[in-house]
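When a ligand or atom number is given, it counts from 1 through the structure's own listing order. Everything numeric here is computed off the predicted structure, so don't read it as measured data. Just so you know, residue 1 is the first one in the sequence shown, and it goes up from there.
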Amino acid sequence: MSLVGTDFKLSNGNTIPAIGYGVGTKWFKFGRDEVDTNVINALETAIKLGFAHIDGAEIYNTNEEIGAALVNSGVKRENIFITDKYFAGDASFSNRSPHSNPYEALKADLKQLKLDYVDLYLLHSSYIKKETHGFSLTEAWGYLEKLKDEGLAKNIGVSNFTVEDLKTVLDSKPKYKPEVNQIEFSAYLQDQTPGIVQYSQENGILVEAYGPLGPITKGQGGPLDPVLAKLSKKYGKTEGQILLRWVIQKGVLPLTTSSKEDRIKSFVDIFSFELTPEEVDEITTVGKQKTVRQFAKEFSKYD
Ligand SMILES: NC(=O)C1=CN([C@@H]2O[C@H](COP(=O)(O)OP(=O)(O)OC[C@H]3O[C@@H](n4cnc5c(N)ncnc54)[C@H](OP(=O)(O)O)[C@@H]3O)[C@@H](O)[C@H]2O)C=CC1
């Protein structure tokens with residue numbers, strides 16, 4: 001869980017590159033089956049410019065693009081960290097992966113990725129119950145443990161889990177604990193659900209942040225504007241780099257994305273400077289004055 005160079009160390013001792021390039025959001029292509037060369041090109045650029053961590057998911061429908069970009073880039077399999085996620089469904093419980101369970105879903109994804117294993121496999125959400133899925137949340141976790149035992153997923157974790165969801169898994173005395181909880185996290189949304197960052201971190205679960213640039217993509221005109229302008233000038237870094245650096249210094253792994261070379265290049269250049277503890281606190285305190293929630297709107301009840 002600690003930052004070592006440009007990696008975070010997980011509780012199980014494995015490492016994970018400390019910033020990831022996402023192929024959801026901007027690149028999301030659920031319902032479109034043609035291969036999108038824009039996604040392949042963007043991934044190749046990201047890899048060429050230094051991203052060693054790709055964040056994918058079954059629902060993004062971009063596995064073939066990831067596989068093609070890996071081949072085109074010539075990168076060695078062991079030098080790139082690939083995450084995939086089981087499409088559990090959303091709060092309506094009315095949709096989910098077409099595969100019978102997470103074990104079968106990852107096997108199908110690996111075929112599309114043309115890979116033998118992923119580095120991290122997550123339950124994309126906790127909206128799983130026996131009545132709709134045929135297995136409970138703890139049984140779903142059991143499928144991930146089986147994938148880890150068989151070497152098809154080197155690490156396993158969860159996404160969008162609340163404290164109660166994590167307790168359900170941890171209280172079931174699992175063989176392996178979740179290594180990661182991937183949630184929306186930014187200076188303008190410091191707890192996707194009550195207490196989730198502290199609880200995850202206290203239990204040795206690395207928090208991954210999606211939507212980390214919320215304050216500049218959706219939150220302009222907010223109280224952080226002058227703080228970011230000041231720090232950007234002081235360090236000679238973009239406001240995006242300041243925000244990503246703040247995420248890392250909160251002990252959280254940022255997942256971002258971009259279609260622009262300049263931005264991609266800047267996102268991997270966040271290890272050459274460090275905010276002071278006072279500056280980290282200032283962003284934390286000022287950031288709490290505004291809420292920008294972009295995803296998982298069912299949690300808006302906590303705003
Ligand atoms: N587990 C989950 O449920 C979820 C996971 N994710 C994962 O997280 C990844 C990243 O999420 P995302 O919300 O996109 O991350 P960010 O908050 O980092 O936003 C990235 C977006 O911001 C734009 N951008 C970057 N810099 C600026 C700027 N200075 N001004 C204006 N726009 C800017 C980029 O567009 P441009 O091309 O113009 O640079 C890009 O579209 C996803 O791709 C996915 O892998 C995301 C949502 C949910």
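- Residue contacts with ligand 1 include Tyr60, since one of its heavy atoms falls under 4.0 Å from the ligand.
- Under the 4.0 Å criterion applied to side-chain N and carboxylate O atoms, Arg77 and Asp116 are not assigned as salt-bridge partners.
- An N or O contact shorter than 3.5 Å links Pro212 to ligand 1 by distance.
- Neither the backbone nor the side chain of Gln294 has a heavy atom within less than 4.0 Å of ligand 1.
- With Tyr143 as the partner, the ring-ring contact (aromatic ring centres under 6.0 Å, His included) test is satisfied by one option alone out of Phe135, Tyr121, Tyr103, Tyr176: Phe135.
- Checked by distance only, ligand 1 and Phe267 stay at 3.5 Å or farther apart across all their nitrogen or oxygen atoms.
- Residue contacts with ligand 1 include Ser159, since one of its heavy atoms falls under 4.0 Å from the ligand.
- In this structure, Pro102 and Tyr86 approach most closely via the heavy-atom pair CA-CD1, 3.6 Å.
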Listing, residues 198-212 side-chain donor-acceptor contacts under 3.5 Å, not counting sequence neighbours, or none:
| residue | atom | partner | partner atom | Å |
| --- | --- | --- | --- | --- |
| Gln198 | NE2 | Glu202 | OE2 | 2.8 |
| Ser200 | OG | Ile196 | O | 2.8 |
| Gln201 | NE2 | Lys250 | O | 3.2 |
| Asn203 | ND2 | Tyr199 | O | 2.9 |
| Glu208 | OE1 | Gln182 | NE2 | 2.8 |
| Tyr210 | OH | Asn160 | OD1 | 2.5 |
| Tyr210 | OH | Gln192 | NE2 | 3.2 |

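- Heavy atoms from both the backbone and the side chain of Leu213 come within less than 4.0 Å of ligand 1.
- Contacts with ligand 1 closer than 4.0 Å are made by backbone heavy atoms (N, CA, C, O) of Val23 only, the side chain lying farther away.
- Cation-pi contact between Arg96 and Tyr127: absent, since separation from the ring centre below 6.0 Å together with deviation from the ring axis within 45° is not met.
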